[in-house]
Amino acid sequence: MSLPISDLLYPKNLKQAREVQRYIRERLILDDEPPLKDTFVFGVVDVSANMYSPYAYAACTVFEYPSLKMLDWYGYSGKYVFPYIPTYLVFREGPLLYELLKDIAGDLDLIIFDGQGIIHPLRVGIATHMGFIFDTKTIGFAKKLLYGNVVDGKVIDPEDGMVLGYEVKLGKRGGPVYISPGYRISPERAVEIIKSMADGYKIPKVIRSAHIYANKLRKEGGL
DNA sequence: GCGACAG
DNA sequence: ATCTTGTCGC
């Protein structure tokens with residue numbers, strides 16, 4: 001990464017935050033090179049927090065693909081240093097996720113985030129932003145749509161008609177989820193991988209796992 | 001100005 | 001995101 005972490009994750013104001021997002025947008029990589037092997041290791045991350053507590057708990061569960069067997073899990077807790085503002089989520093959770101992943105990202109072939117990839121007004125959702133920082137393949141898995149129009153299952157960018165991601169219904173239970181590439185992966189490959197993890201639930205257990213562990217940390221861990 | 005708005 | 005048990009339904 002050319003810019004230091006301090007600039008990529010700790011902007012002093014929203015203007016600087018936008019500048020960082022525009023910087024990353026100009027350097028997006030959305031192809032599948034190098035392609036993932038038949039068998040690879042991936043992580044799922046999520047952050048758990050209490051409404052009015054400044055402390056947050058992040059967890060990363062590690063799995064083997066395609067067996068989907070859990071290999072490990074890691075946790076990290078710290079204080080939020082940025083408020084939650086739509087389109088700026090990475091500046092709130094990113095610092096914690098960076099600390100959580102900095103020592104293990106190199107061992108992960110892919111990382112799945114709870115949030116958007118390029119389904120974002122500047123195409124730099126939290127999955128894309130973190131993928132750029134670690135130069136690792138990432139996928140954004142969101143429960144709600146943040147930006148774009150859904151046409152025949154495809155999330156389209158109203159600016160130029162580009163396919164940003166897909167609206168897919170996994171399991172006949174709940175509503176759809178929104179999948180988009182984060183970094184170094186294509187929209188189609190991202191959806192293909194997520195669909196291969198479907199197990200009948202709206203949120204595949206493999207993806208839910210990180211949320212479970214993050215919550216377990218918050219309830220049991222200190223702080 | 002108004003409405004929308006990941007976690 | 002979180003507060004929360006049981007309960008209605010496939």
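Because the structure is predicted, anything quoted here is derived from the model rather than measured. Just so we're on the same page: letters track the sequence lines, and every chain starts at 1.
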Sugar-phosphate, base or nothing in reach of A:His129, heavy atoms under 4.0 Å: nothing

For A:His120, ring-ring contact (aromatic ring centres under 6.0 Å, His included) partners two or more places apart: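 ring-ring contact (aromatic ring centres under 6.0 Å, His included) check on A:His120 returns nothing, list empty.
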
Criterion side chain to side chain donor-acceptor pair (under 3.5 Å) against A:Thr87, the qualifying member of A:Arg18, A:Gln21, A:Gln116: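 With A:Thr87 as partner, A:Arg18, A:Gln21, A:Gln116 yield a single side chain to side chain donor-acceptor pair (under 3.5 Å), made by A:Arg18.
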
Separation of atom CZ in A:Arg92 from atom C1' in B:dC5, rounded to whole Å: 15 Å

Distance in angstrom units between A:Asp46 CG and C:dT2 C1', rounded: 13 Å

Per A:Ile126 side chain, nearest of listed nucleotides B:dG7, C:dT2, B:dA6: B:dA6

Sugar-phosphate, base or nothing in reach of A:Thr87, heavy atoms under 4.0 Å: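 Touches a base.
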
Separation of atom CD in A:Gln21 from atom P in B:dC5, rounded to whole Å: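 The answer, rounded to whole Å, is 18 Å.
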
Separation of C:dA1 P from A:Ile212 CD1 (nearest whole Å): 11 Å

Spacing of A:Leu89 atom CG relative to B:dG7 atom P, expressed in whole Å: 8 Å

Residue A:His120, side-chain atoms from C-beta onward, closest of B:dG7, B:dA6, C:dT2: B:dA6

Phosphate contact (C:dT2 OP1 or OP2) by A:Asn215 side-chain N/O below 4.0 Å: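 For C:dT2, OP1 or OP2 has a side-chain N or O of A:Asn215 closer than 4.0 Å.
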
Test side chain to side chain contact (heavy atoms under 4.5 Å, CB included) applied to A:Tyr178 and A:Val150, A:Leu164, A:Val168, the passing residue: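 In the set A:Val150, A:Leu164, A:Val168, the residue that makes a side chain to side chain contact (heavy atoms under 4.5 Å, CB included) with A:Tyr178 is A:Val150.
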
Where A:Ile111 and A:Ala105 come nearest, the two heavy atoms and their spacing: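 So the minimum-distance heavy-atom pair works out to CD1-CB, 4.5 Å.
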
Watson-Crick or G-U pairs under 3.5 Å in DNA chain B, rendered as dot-bracket with [ ] for crossing pairs and | for another strand: .......

Whole angstrom value for the distance that separates P of C:dA1 from OH of A:Tyr84: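 Spelled out: OH on A:Tyr84 to P on C:dA1 is 10 Å.
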
Contact summary for A:Ala58 and A:Leu97, nearest pair of heavy atoms: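 Residues A:Ala58 and A:Leu97, closest heavy atoms: CB-CD2, 4.1 Å.
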
Rounded interatomic separation in angstrom, taking CZ from A:Phe82 and P from B:dG7: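 Distance, rounded to whole Å: 18 Å.
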
Touch class at under 4.0 angstrom, heavy-atom based, for A:Gln116 against every strand present: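 Base, at least one base atom sits under 4.0 Å.
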
Nearest to side-chain heavy atoms of A:Met51, which nucleotide of B:dG7, C:dA1, B:dA6: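 Nearest nucleotide to the side chain: C:dA1.
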
Touch class at under 4.0 angstrom, heavy-atom based, for A:Phe91 against every strand present: nothing

A:Leu68-A:Tyr201 co-clustered via ILVMFWY side chain contacts under 4.5 Å: no

Nearest listed nucleotide, side chain of A:Pro86, among B:dC5, B:dG7, C:dA1: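 Selected nucleotide (nearest to the side chain): B:dC5.
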
Which atom of A:Gly148 lies closest to which atom of A:Leu145, heavy atoms considered: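 Heavy atoms only, the tightest pair is O-CD2, 3.7 Å.
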
Spacing between A:Tyr57 atom OH and B:dG7 atom C1', to the nearest angstrom: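 These atoms are roughly 17 Å apart.
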
Parallel, tilted or perpendicular: rings of A:Tyr183 and A:Phe132 (30°, 60°):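 Perpendicular, since the angle between the ring planes exceeds 60°.
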
Residues touching DNA chain C, which here means a heavy atom under 4.0 Å, drawn from residues 135-173 of chain A: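 The stretch gives A:Lys143, A:Arg173 as the residues lying under 4.0 Å from the strand, ordered by number.
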
Non-hydrogen side-chain atoms of A:Pro181 and A:Ser186 separated by less than 4.5 Å: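 Answer no - side chains too far apart.
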
A:Phe63 and A:Phe42 aromatic ring geometry - parallel, tilted or perpendicular at 30°/60° bounds: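 Rings of A:Phe42 and A:Phe63: parallel, as their planes differ by under 30°.
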
